[in-house]
Amino acid sequence: MKNREIAAIFGEMADILEVTGDNPFKVRAYRRAALNVESLARPVEGLSREELLAIPGIGEELASKIREYCESGAVHAHEKLKAEVPAGLLRLLAVPGLGPRTARLLVEKAGISDLDALEKAAREHRLEGIPGIRAKTEENILKGIGTVKRGIERRPLGHVMPLAEELVAELGRVASVGRIELAGSIRRRRETVKDIDIVATATAAAPLMERFTALPAVERVLMHGPTRSSVLVRDGIQVDLRVVEPVSFGAALAYLTGSKGHNIRIRDLAVKMGLKVNEYGIFRERDDLRLGGEEEDDVYRLLGLPFIPPELREDRGEVEAALAGRLPRLIETGDIRGDLHVHSRASDGAHTLEELVAAAQSRGLAYLALTDHSRGLGVAHGLSVERLMEQHRQVEEMNRRLSGFTVLHGTEMDIRSDGTLDFPDEVLAELDVVIASVHSGFRQPRETITARIAAAMRSPYVSIVAHPTGRLLGERDPYEVDMEAVLREAQKTGTAMEINAYPLRLDLDDTAARRAGELGVPLVISTDTHAISQFDSLGYGVAVARRAWLEKGQVLNTLAADKLLARLKGGNRGKPH
DNA sequence: GCCGTTTTCGGCCCGACTGTTTTCAGTCG
């Protein structure tokens, strides 16, 4: 899939055009194209010219550049642009507070064209004297270089969310605070986030800002204004707080939730209707008459749109869909009836089946599938055939004692390095749910891994393929796999694909899950629970599904257990419990 | 470079904060 490569090229072209002072709207066109190509579910190399032109932000010019890259592996205009600027220059743009204009000045006035040269010059106070740069800017540049060197990588949503909720709760206790909510990429539930955005109303904004910038967690204050402040808390996580009047809360929430691309589309739409949208409200352009803004829905309603859920606000076609009345009715956490991927103490989980059942029941689920690892995964105490069959009796016995809750018996079976399955068919035939997944041979070539997964899906006994890229956010890169080929095989064989809700996995990711949905591939959302608290990460998996435009009907574990078994391929299908 | 219920040419989202400026440019979100 060349999407990512092409997105990187367009992004870099935007950077270069910006530094060289080209038309800012052209820069934006490249940025928008980069985002849309990157988040496109389908591989661009298979698209016709017409299909390319249908991608938002792709016109004749960029479509032909995409085709050029697919055919030749390079874009001539990109190579030409690269030759115009020193190689290290674009790295300067990564320094917070240092933008294209300053970067250009640094090259022209001081001959600085990479990070090391910049740091040296700043330490020796050689930047002062460049127009617009004095001691303070020099100091900020040095701080910014420190930030770049520490790495300002995005963090998994699941790691940041608890802190974010804590901060909102703490600020919410301030007496003058009215409404307060998380916004930004956290509210859109991106899988990773860079900062925490909070929007609030307060009877007195200034004292709240004082309180915010003085929170115990705050390590550094980046910006401190009357209505907007930014601070750094532990691990260098940035937190932005915006305070508005109650009458503007909805407009501010919409504005701060973004994404940037979505906001531009919304405001563009407003302009065409003679309206103006900003963080204070929605106004009639002609006389500045306020039409709304207290509630977020005002913004959409006054533009003639249905409410667009935050998870869709990525400028991936949601504005067009809203205009056409074709927004999906997104799945919700409460739609999930059971968890199909759960480990017990028998393999590498922490709890007994009894404990897992109690935990699932207390969370309102109606069933779970016990899916311990198979024998091949020695490190996880994978089950032998004998232990699996013993467990089978245990599950049957448990089901006799339960009412209103069902334990399905399954396995998370290893797809071995050579592509064979870890249990023979006659064993799989005894199970309700067979998950197949890769736990070895991560470095095999793309074709090999893809073929292993595809072969597993062709088994009539395999119900689900779990975490198909093996990635662990921030810890382990995904292995090489041809996702399009995997999804097509799933489509052909009727095998379900898992959205793994464990916050470091979220695998399928939103892009792949959306593609799966387009292809009509059945999906499941599972927690891969190894400890009881992990049942609570289900919402992260549902968030991926929502970002993938999925509806309840596309996710099999929204069904009751008996209907689920009737729909699920493989194993002991439809046998009554 | 994209795009079209005002347009195929002439537009293209909007505002806060900072640092360096005496009125604003740059950066960010």
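All values reported here derive from a predicted model rather than from experimental measurement. Below, chains carry the letters A, B, ... as their sequence lines are ordered, and counting in each starts from 1.
Distance A:Ile282 CD1 to B:dC13 C1': 13 Å, rounded to the nearest Å. The distance between atom CD of A:Glu61 and atom P of B:dT8, rounded to the nearest whole Å, is 21 Å. When rounded to the nearest whole Å, the span between CZ of A:Arg265 and P of B:dG11 equals 20 Å. Per the geometry, CE belonging to A:Met209 stands 10 Å off C1' belonging to B:dA16, to the nearest Å. What separates CG of A:Leu92 from C1' of B:dT27 is a distance of 15 Å, to the nearest Å. Distance, A:Glu18 CD to B:dG26 P: 12 Å, rounded to whole Å. Across the protein-nucleic acid pair, A:Ile264 atom CD1 and B:dG29 atom P stand 14 Å apart, rounded to whole Å. Summarising the geometry, the separation between CZ on A:Arg28 and P on B:dG10 is reported as 19 Å, rounded to the nearest angstrom.
If you check every strand for non-hydrogen atoms under 4.0 Å, A:Val277 touches sugar and phosphate atoms only. At a threshold of 4.0 angstrom between heavy atoms, the contacts of A:Tyr280 are confined to the sugar-phosphate backbone, with no base atom among them. Residue A:Ile266 is out of contact with every strand shown, counting any heavy-atom pair closer than 4.0 Å. Within 4.0 Å (heavy atoms only), A:Pro226 reaches sugar-phosphate atoms of the nucleic acid but no base atom. Within 4.0 Å of A:Lys136, counting heavy atoms only, lie sugar-phosphate atoms of the nucleic acid but no base atom. Among the heavy atoms of the strands lying under 4.0 Å from A:Thr227 are primed sugar atoms or P, OP1, OP2 only; no base atom is included. Within 4.0 Å of A:Arg242, counting heavy atoms only, lie sugar-phosphate atoms of the nucleic acid but no base atom. Within 4.0 Å (heavy atoms only), A:Arg228 reaches at least one base atom of the nucleic acid. Backbone-only engagement by A:Leu98 is indicated by non-hydrogen atom pairs under 4.0 Å involving sugar-phosphate atoms exclusively. A:Thr102 comes within 4.0 angstrom of the backbone, heavy atoms only, and of no base. Backbone-only engagement by A:Asn278 is indicated by non-hydrogen atom pairs under 4.0 Å involving sugar-phosphate atoms exclusively.
Out of B:dC14, B:dC3, B:dG1, the shortest distance to the side chain of A:Val271 is found at B:dC14. Here the side chain of A:Arg101 is nearest to one of B:dT27, B:dG29, B:dA16, namely B:dT27. Considering only side-chain atoms of A:Lys260, the nucleotide from B:dT7, B:dC13, B:dT21 that sits closest is B:dC13. Listed candidates were B:dC12, B:dC17, B:dG15. Nearest to the side chain of A:Asn23 is B:dC12. When distances are taken from the side chain of A:Arg32 to each of B:dG1, B:dC3, B:dC14, the shortest belongs to B:dC3. Closest to the A:Met223 side chain, of the nucleotides B:dT18, B:dT7, B:dC13, is B:dT18. The nucleotide whose nearest atom lies closest to any side-chain atom of A:Asp240 is, among B:dG29, B:dT7, B:dC17, B:dG29. Among B:dA16, B:dG19, B:dT27, the nucleotide with an atom closest to any side-chain atom of A:Pro100 is B:dT27. Distances were taken from every side-chain heavy atom of A:Tyr255 (C-beta onward) to each of B:dT21, B:dG1, B:dG29; the shortest belongs to B:dG29.
Comparing the C1' positions of B:dT5 and B:dG1 gives an interatomic distance of 24 Å, to the nearest angstrom. Taking atom P in both B:dC12 and B:dT6, one finds a spacing of 15 Å when rounded to whole Å. Taking the P atoms as reference points, B:dA16 lies 24 Å from B:dT21, given to the whole Å. Nucleotides B:dC9 and B:dC14 are separated by 25 Å at their C1' atoms, to the nearest Å. Rounded to whole Å, the C1' atom of B:dG29 lies 12 Å from the corresponding atom of B:dC13. Nucleotides B:dG19 and B:dC3 place their C1' atoms 38 Å apart, quoted to the nearest Å. Atom C1' of B:dG10 sits at a distance of 25 Å from the matching atom of B:dG15, rounded to the whole Å.
In this pair, A:His262 and A:Tyr300 present their aromatic rings tilted. The plane angle is within the 30 to 60° band.
Of the two residues contacting DNA chain B, namely A:Gly132 and A:Leu93, the nearest-nucleotide position lying further toward the 5' end is that of A:Gly132. Of the two residues contacting DNA chain B, namely A:Ile55 and A:Ala135, the nearest-nucleotide position lying further toward the 5' end is that of A:Ile55.
Interatomic distance, CD1 of A:Ile264 versus CZ of A:Arg28, reported as 4.5 Å (0.5 Å rounding). Taking CD of A:Glu18 as the start and CZ of A:Arg104 as the end, the distance is 11.0 Å to the nearest 0.5 Å. Interatomic distance, A:Ile308 CD1 to A:Arg265 CZ, rounded to the nearest 0.5 Å: 9.5 Å.
One finds no side-chain N or O of A:Asn140 lying less than 4.0 angstrom from the OP1 or OP2 phosphate oxygen of B:dT18. Under 4.0 angstrom from either OP1 or OP2 of B:dT20 there lies at least one side-chain N or O belonging to A:Thr137. OP1 or OP2 of B:dG1 sits under 4.0 Å from a side-chain N or O of A:Lys65.
Using modelled atom types and a 3.5 Å distance limit, the side chains of A:Glu51 and A:Ser48 yield a donor-acceptor pair. With hydrogens and angles left out, the side-chain atoms of A:His76 and A:Glu68 include no donor and acceptor closer than 3.5 Å.
Using modelled atom types, no side-chain atom of A:Arg316 and backbone atom of A:Leu40 make a donor-acceptor pair closer than 3.5 Å.
A glycosidic torsion no more than 90° from 0 defines the syn conformation, and B:dT7 adopts it.
In this entry B:dG29 has B:dC14 as its Watson-Crick or G-U wobble partner, both defining distances falling under 3.5 Å.
Using a 4.0 Å cut-off between a side-chain N of Lys or Arg and a carboxylate O of Asp or Glu, A:Glu296 and A:Arg313 qualify as a salt bridge.
Open room surrounds CZ on A:Arg4; 12 or fewer heavy atoms of other groups in view lie less than 6.0 Å from it.
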